[in-house]
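In this text, all values refer to a predicted model and were calculated from it rather than measured experimentally. Numbers for residues simply follow the sequence, beginning at 1. All values below were derived from every heavy atom in this structure, side-chain atoms included, with hydrogens, water molecules and symmetry-related copies excluded.
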Amino acid sequence: MNSLRVRLLAALLGVGLIAFVAALATALWVSRDRIEAQMASQAQSIALSLTVALTAGGEPALQNAESLVEPVFDQSYLRRIEVRDAGGKVIASRHAPSRLPGGAPGWFVDLLPLAAGPQSADVMHGWRIAGSVLVEPHPHWAQLQLWAVAETLLLWMGGGLAAAGMLGLMALRWGLRPLRRVQRSAVAAASRRFVPIDEARMPAELQPLVSAFNRMLTAMSGALESESGRAAQFRDQALIDELTGLPNRRGFRAALEARIENGQRGGWLALLRVEGLEELNHLYGRGAVDDLLVESTGFMKAIDTVSLGGRLEGACFALLFDGEEDEIREVLTSLLARLDSLARAAGAGQAHAWRAGAADCDGAGEGGHSADAGRWLAAADRALHQWSAERGALPVLAHARAAEAGAGDLRLQVRELVSKGRIAFASQATCTLGADGLGAPLHVELRAALDAGVRLIRAAEYIAYASEARVSAALDSACLMRALEYAKTRRDGMAIVVNVSAATLSDPDILRWVRAYRQDARSGRLILEFQEAALLGAPDAAEAFAQLAQSSGLALGIKHFGLHANALSLLRRLRPEHVKLSVTLTREALQNPESGAYVRSLAGIASALSITPVAVAVERPEALTALYALGIRAAQGEAVVAEQLPGAATAPR
């Protein structure tokens, strides 16, 4: 009975039922009184008719009473007729039993008894009473008539009550429409869509409530917008170079690391440095140097093949090119010529003020080690230092020192293992973080490794060969199947996190699996975790997938969160279960106050939207207190729970 609709409907039906019973009872009682009056009148008429018949010859003929009573009794609805002489002796009589077969139901007769009573008339001879006639009507036929009236009333009034109930229900639904509009607006606000309600369309009684609700929506929307603006401002301060608008060293390296972790290792990383800025600053002032750097940045941004750019320090820029070596060489040569022209126009005394060096991703790994952002930047820096004045406007492009041994065989092996679903999981728990330290486990993250029989191939080794759309979708599908098996073996209700790629958003087989998925409470909730870059690459597909997954009982998570300017839009559109902030941001936040403000803002917005902000790769227990102060509410890493490496894995049956 906590539903207002149920209460109003119950009240409406209760009032209708009471009115129905009252009307039915009143109608039956009125009908009974009328029938009783009719019975009494009929009995009195019969009695008078018999007295007239008995005195038709002038003298009372009581001896003929028997012949007169018989036909009258047979043709009338009577219970008793008696003719008596002046002394009270019964001359003629007829009687019927009190109950006749085929009458109204017994309970009805007992509920509404008819008591018209006997009627009498005197047989007169002049002024002398010669006898009397007593006639008592029988209630049998009157009760049948009253029962027929009751049935008719019950039918029509019951139908009227049902019709009134239906109309009342429709009226109730119509009357509650304003409240449903308030409910829809509240649900939309919970989903971060703040839609005010038109107060003019609301009943006068609800307008104060709606007005207060709209003011609350406006305040919440303004607060979130303000917080989003602050977050963007903090991000600009922490990760964006104020002069050029390019990512600074922290921002560029974070984006490069995210790209590598996403398996995108193609292209050439170029470093460009301009010489003589101190001399220009001394001769012409800081404004001239700033103008040179801004104009040079404009040339760099105009290149179509640049997928990522940044200003690493005052005189050094980094550009990540997509394309083949010859194309990159030509583009860099043309760019250097333009930049040198700008430098000469600004007053630089060197013929070639700008120098450039570039390295491919494979060249960033030495000794068979997997490439990372640091090695790639180091390789580009070594190429930059190979530049000499004799090269002029020609950049230095450095190839990998050694090709990866067995790369082709490994690629084929990875595809074969993925197609067979030979997945083994390393697992690591994430725990909640409070003011008093670590709390209960939040979820368990599964990290896939490929079971090659003699060894396990970890993601850092195979991800580059599994990044193709078909292989990536097959890997995600196999991971989901094995994750369900893993959850069923645990049966502890713990949420399970599975890392998936952008291919999951559009793969038809995975989408069919998501539609058919039904959550099992004993196996725990399944959370699909995407990289931020993958979701921002297809935001509409990500939103559609999130709605489908959440309707089936799945949840979403985001990792490497906070590296992109429009990362906050994912929170509103996808409603993830958690966000794992980029380790670059959290590590910087523990050292740099400006970065700390940005992380605190991100965590605050996530918490306000009931999304858990998580810090990853936490290696020192003493960092937990500082992370909590930044707004982090869960943590993962060696300082929390060590990663559990998989044992000998077996292929799924």
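Taking CZ of R250 as the reference point, atom OG of S582 lies at 12.5 Å (rounded to 0.5 Å). Distance CD1/I632 to CG/L624: 11.0 Å, rounded to 0.5 Å. Interatomic distance, CG of L630 versus CG of L590, reported as 6.0 Å (0.5 Å rounding). Annotation: the span from K301 atom NZ to L319 atom CG amounts to 11.5 Å, rounded to 0.5 Å. Note that the CD1 atom of I558 and the CG atom of L536 stand 8.0 Å from one another [nearest 0.5 Å]. Annotation: the span from N499 atom CG to L475 atom CG amounts to 10.0 Å, rounded to 0.5 Å.
Within the structure, every pair that satisfies the salt bridge (Lys or Arg N to Asp or Glu O under 4.0 Å) test and touches residues 629-644, not counting sequence neighbours, is listed here: R447-E643, R458-E643. The list of salt bridge (Lys or Arg N to Asp or Glu O under 4.0 Å) pairs with a residue in residues 602-622, not counting sequence neighbours, reads R587-E619, R620-E622. Every pair tested for salt bridge (Lys or Arg N to Asp or Glu O under 4.0 Å) that includes a residue from residues 556-565 fails, sequence neighbours excluded, so the list is empty.
With hydrogens and angles ignored, the 3.5 Å screen pairs a side-chain donor or acceptor of T333 with a backbone N or O of R329. Not a single donor-acceptor pair under 3.5 Å links the side chain of S601 to the backbone N or O of Y598. With S477 contributing its side chain and A473 its backbone, the two residues share no donor-acceptor pair below 3.5 Å. When atom types are taken as modelled, the side chain of S569 and the backbone of N566 share a donor-acceptor pair closer than 3.5 angstrom. Side-chain N or O atoms of S607 include one that pairs as donor or acceptor with a backbone N or O of A603 at under 3.5 Å. The backbone N or O of A440 sits less than 3.5 Å from a side-chain atom of T432, completing a donor-acceptor pair. Between the side chain of R422 and the backbone N or O of L450 there is no donor-acceptor pair closer than 3.5 Å. Distance alone, capped at 3.5 Å, is enough to place a donor-acceptor pair between the E532 side chain and the G562 backbone. Between the S334 side chain and the E330 main chain, no donor and acceptor come within less than 3.5 Å of each other. Using modelled atom types, one side-chain atom of R311 and one backbone atom of G314 make a donor-acceptor pair closer than 3.5 Å.
F545 pairs by the ring-ring contact (aromatic ring centres under 6.0 Å, His included) definition with F530, not counting sequence neighbours. In terms of the side-chain contact (heavy atoms from CB on, under 4.5 Å) criterion, residue partners of Q550 (sequence neighbours excluded) are, by chain and number, A546, R575. A270 pairs by the side-chain contact (heavy atoms from CB on, under 4.5 Å) definition with L272, F321, L332, A358, not counting sequence neighbours. The side-chain contact (heavy atoms from CB on, under 4.5 Å) check on E313 picks up R249, R273, C316, with sequence neighbours excluded. Here Y628 pairs with nothing under the side-chain hydrogen bond (donor to acceptor under 3.5 Å, both in side chains) rule; sequence neighbours left out. Scanning for ring-ring contact (aromatic ring centres under 6.0 Å, His included) contacts around Y517 gives W513, with sequence neighbours left out. Scanning for side-chain contact (heavy atoms from CB on, under 4.5 Å) contacts around D322 gives R259, S307, with sequence neighbours left out. H443 is linked by a ring-ring contact (aromatic ring centres under 6.0 Å, His included) to H578, counting only residues two or more places apart in sequence or in another chain. Checked against side-chain hydrogen bond (donor to acceptor under 3.5 Å, both in side chains), D540 has the following partners two or more places apart in sequence or in another chain: R573.
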Verify side chain to side chain contact (heavy atoms under 4.5 Å, CB included) between L571 and V579, making sure each step is shown before the conclusion.
CA-CA 9 Å; L571 303 185; V579 289; 3.6 Å; yes
Step-by-step side chain to side chain contact (heavy atoms under 4.5 Å, CB included) determination, L602 to L568:
CA-CA 8 Å; L602 289 177; L568 291 174; 3.7 Å; yes
Stepwise side chain to side chain contact (heavy atoms under 4.5 Å, CB included) test for L293 and V289
CA-CA 6 Å; L293 295 179; V289 174; 4.3 Å; yes
Would L526 and Q519 satisfy side chain to side chain contact (heavy atoms under 4.5 Å, CB included), going step by step from the backbone distance to the final call?
CA-CA 8 Å; L526 191 61; Q519 182 181 355; over 6 Å; no
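Side-chain contact between V614 and L581 is absent, with no heavy-atom pair separated by less than 4.5 Å. No side-chain heavy atom of E257 sits under 4.5 Å from any side-chain heavy atom of H560. Counting heavy atoms from C-beta outward, L446 and I496 have side chains that approach closer than 4.5 Å. A heavy-atom distance below 4.5 Å is not found between the side chains of V418 and I423. Contact annotation: the side chain of I527 never approaches that of L554 to less than 4.5 Å [non-hydrogen atoms, C-beta and beyond]. Contact of the V396 side chain with the L384 side chain is not registered, since no non-hydrogen atoms from C-beta on lie closer than 4.5 Å. Considering only heavy atoms from C-beta on, L377 comes within 4.5 Å of L312 through its side chain. Counting heavy atoms from C-beta outward, V514 and I510 have side chains that approach closer than 4.5 Å.
In plain terms, the two heavy atoms of L511 and L505 that are nearest each other are CD2-O, 3.9 Å. Looking at every heavy atom in both residues, V500 comes nearest to T504 through CB-OG1, 3.5 Å. The heavy-atom pair separating E416 from S419 by the smallest distance is O-OG, 2.7 Å. Scanning all heavy atoms of the two residues, the minimum distance from D241 to T244 falls at OD2-OG1, 2.7 Å. Considering all non-hydrogen atoms of both residues, S296 and L339 come closest at CB-CD2, 3.5 Å. Of all heavy-atom pairs between V498 and C479, the closest is CG1-CB, 4.0 Å.
Ion pairing between a basic and an acidic side chain is recognised when a charged N comes within 4.0 Å of a carboxylate O; E529 and K580 show such pairing.
Around the CD atom of E324, the shell of radius 6.0 Å holds no more than 12 heavy atoms that belong to other residues, nucleotides or ligands.
Ring geometry, F317 versus W354: the interplanar angle falls from 30° to 60°, so the pair is classed tilted.
For E445 and Q636, the side-chain atoms include at least one donor-acceptor pair closer than 3.5 Å.
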